[in-house]
Amino acid sequence: MTAPFKAAAFGPEPAGPLILALPKGRILGECGPLLAGAGLHPASDYADDNSGRLRFPTDEPGLDVIRVRPFDVATFVAFGAAQLGICGADVLMEFDYPEIYAPLDLGIGACRVSVAEARETAGSDDPSGWSRVRVATKYPNIARRHFAARGIQAEIVQLNGAMELAPRLGLARLIVDLVQTGSTLKANGLMETEVIASVTSRLIVNRTVLKTRPELIGGWIARFRAAVGEQGDNR
């Protein structure tokens with residue numbers, strides 16, 4: 001039997017260096033101006049996909065950054081392996097970690113979590129009459145909650161990619177996925193039928209570390225808040 005534990009219990013020592021978890025991929029490029037605005041400059045290869053490193057020093061001696069998969073940022077912060085992170089609201093919705101506090105909308109990474117289906121079947125019947133539907137998604141919790149609120153049982157087919165293939169190949173009638181422009185859906189004969197939630201990236205912090213090191217964590221929140229304000233003024 002596995003002993004129960006709180007996620008933050010396995011975090012680093014309170015006096016250790018801070019770790020900021022950054023998401024790989026598209027959002028990483030949008031993080032650059034925010035980091036600079038907050039006065040934080042990681043080693044130059046932090047945004048280089050060809051770099052083998054995953055942890056990078058910065059010009060702040062007490063803070064390093066790590067580069068991980070977007071879905072893993074919240075897990076690193078919830079379990080205390082990183083004290084701060086930049087994370088999409090979609091990930092926070094999916095995992096709903098109580099150990100995470102998200103004090104600041106950074107206004108980057110704008111997209112949406114949406115329902116989509118094959119163009120041929122979209123609108124062919126009334127979803128209010130459904131009792132069950134098969135859904136392909138990497139967001140099982142979001143999808144289940146969304147359809148349960150409509151009295152529909154969602155049979156989840158969990159995929160980590162190539163979601164757009166599922167309706168065309170008969171794997172699932174619907175998909176729930178992250179959509180930015182909709183061009184990938186269109187290219188694969190799908191149609192966006194409902195927006196579940198609009199998404200931007202948030203600054204997140206570990207609640208335990210916020211309590212044990214409030215001045216330090218609060219200082220970084222203030223620096224990022226100022227950087228967001230500067231970016232807004234420049235738009």
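Computed from a predicted model, the values in this text were never measured in an experiment.
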Task: Within 6.0 Å of CE in M191, more than 12 heavy atoms from elsewhere - done: no
- [ ] To the nearest 0.5 angstrom, please state how far the CZ atom of R112 sits from the CG atom of L178.
- [x] 9.0 Å
TODO: Over all heavy atoms of both residues, which pair between A136 and A166 is shortest? Give the atoms and the distance, please.
DONE: CB-CB, 3.6 Å
Open item on the list: Could you check whether any side-chain heavy atom of L54 comes within less than 4.5 Å of a side-chain heavy atom of V68, counting everything from C-beta outward?
Closed with: no
TODO: May I ask you to decide if N188's main-chain N or O and E164's side chain share a donor-acceptor pair within less than 3.5 Å?
DONE: no
TODO: To the nearest 0.5 angstrom, please state how far the OG1 atom of T137 sits from the CD1 atom of I156.
DONE: 6.5 Å
Open item on the list: Between V135 and V176, is there a side-chain heavy-atom distance shorter than 4.5 Å?
Closed with: yes
- [ ] List the atom of S198, the atom of V195, and the distance in Å for their closest heavy-atom pair.
- [x] N-CG1, 4.5 Å
Task: Minimum side-chain heavy-atom gap I66-L20 below 4.5 Å - done: no
- [ ] Considering non-hydrogen atoms only, spot the tightest contact between A154 and A143 and give its length.
- [x] CB-O, 4.4 Å
TODO: Spell out, as yes or no, whether a donor-acceptor pair under 3.5 Å connects the side chain of T58 to the backbone of L63.
DONE: yes
Task: Taking every non-hydrogen atom, the tightest pair across A74 and C87 - done: CB-SG, 4.0 Å
Task: Parallel, tilted or perpendicular: rings of F224 and W220 (30°, 60°) - done: tilted
Task: Flag, side chain of D45 to backbone of D48, donor-acceptor distance under 3.5 Å - done: no
TODO: Examine distances only and state if a side-chain atom of D105 and a backbone atom of R202 form a donor-acceptor pair shorter than 3.5 Å.
DONE: no
Open item on the list: Do V65 and I221 land in one hydrophobic cluster if side-chain heavy atoms of ILVMFWY residues count as linked below 4.5 Å?
Closed with: yes
Open item on the list: Once rounded to the nearest 0.5 Å, what's the spacing between atom CG of D177 and atom SG of C111?
Closed with: 10.0 Å
Task: pair Q153-V133: side-chain heavy atoms closer than 4.5 Å - done: no
Task: Considering all heavy atoms, the nearest A227-A38 contact - done: CB-N, 3.7 Å
Open item on the list: I'd like to know if the side chain of E30 and the backbone of I108 have a donor-acceptor N/O pair within less than 3.5 Å.
Closed with: no
TODO: Keeping the roles fixed (side chain from N206, backbone from V77), state whether a donor-acceptor pair exists under 3.5 Å.
DONE: yes
Open item on the list: Check this for me, if you would: do R119 and E192 make a salt bridge, where the nitrogen-to-carboxylate-oxygen distance has to be below 4.0 angstrom?
Closed with: no
TODO: Evaluate the side-chain proximity of L35 to P42: yes if any heavy-atom separation is below 4.5 Å, no if none is.
DONE: yes
Task: Pairwise side-chain contact, L216 with L18, heavy-atom cut-off 4.5 Å (strictly under) - done: yes
Open item on the list: For a quick check under 3.5 Å, do E94 and N141 share a side-chain donor-acceptor pair by atom type?
Closed with: yes
TODO: Determine whether more than 12 heavy atoms belonging to other residues, nucleotides or ligands lie under 6.0 Å from atom CZ of R69.
DONE: no
- [ ] Taking only Lys NZ, Arg NE, NH1 and NH2, and the carboxylate oxygens of Asp or Glu, determine whether D72 and K24 approach each other closer than 4.0 Å.
- [x] no
- [ ] Applying salt bridge (Lys or Arg N to Asp or Glu O under 4.0 Å), run through R223 and E60 and close with a yes or a no.
- [x] CA-CA 13 Å; R223 287 169 70 164; E60 291 279 344; 2.9 Å; yes
TODO: Decide, yes or no, whether a salt bridge links E117 with R173 under the criterion of side-chain N to carboxylate O below 4.0 Å.
DONE: yes
TODO: With rounding to the nearest 0.5 Å, note down the distance linking CD1 in I86 to CG in L34.
DONE: 6.0 Å
- [ ] Start with the C-alpha distance between I100 and V205, add both sets of side-chain angles, then the distance that settles side chain to side chain contact (heavy atoms under 4.5 Å, CB included), and finish with yes or no.
- [x] CA-CA 6 Å; I100 287 177; V205 301; over 6 Å; no
Task: Gap separating the CG atom of L22 from the CZ atom of F56, nearest 0.5 angstrom - done: 9.0 Å
Open item on the list: I need the minimum non-hydrogen distance between P140 and Q158, along with the two atoms involved.
Closed with: CG-OE1, 3.7 Å
Open item on the list: Would you say that V73 contacts V91 through its side chain, given a criterion of any heavy-atom pair below 4.5 Å between the two side chains?
Closed with: no
Open item on the list: Quick test of your reading: applying salt bridge (Lys or Arg N to Asp or Glu O under 4.0 Å), list the pairs with at least one residue in residues 134-144, sequence neighbours left out, ordered by first then second residue.
Closed with: R134-E155
- [ ] Would you confirm whether the ring centroid of F71 sits within less than 6.0 angstrom of the ring centroid of Y139?
- [x] yes
Task: Approximate separation, where rounding is to 0.5 Å, of L210 CG and Y101 OH - done: 7.0 Å
TODO: State whether a side-chain donor-acceptor pair under 3.5 Å links E194 with H146.
DONE: yes
Task: Hydrophobic cluster partners of M163 (side-chain heavy atoms under 4.5 Å) - done: V157, L159, L171, I175, V179, L185, L190
Open item on the list: With a 3.5 Å distance limit and no angle check, can you tell me whether R67 reaches the backbone of Y46 through a side-chain donor-acceptor pair?
Closed with: yes
Open item on the list: Using side-chain heavy atoms (C-beta onward) and a distance below 4.5 Å, is I204 in contact with Y97?
Closed with: no
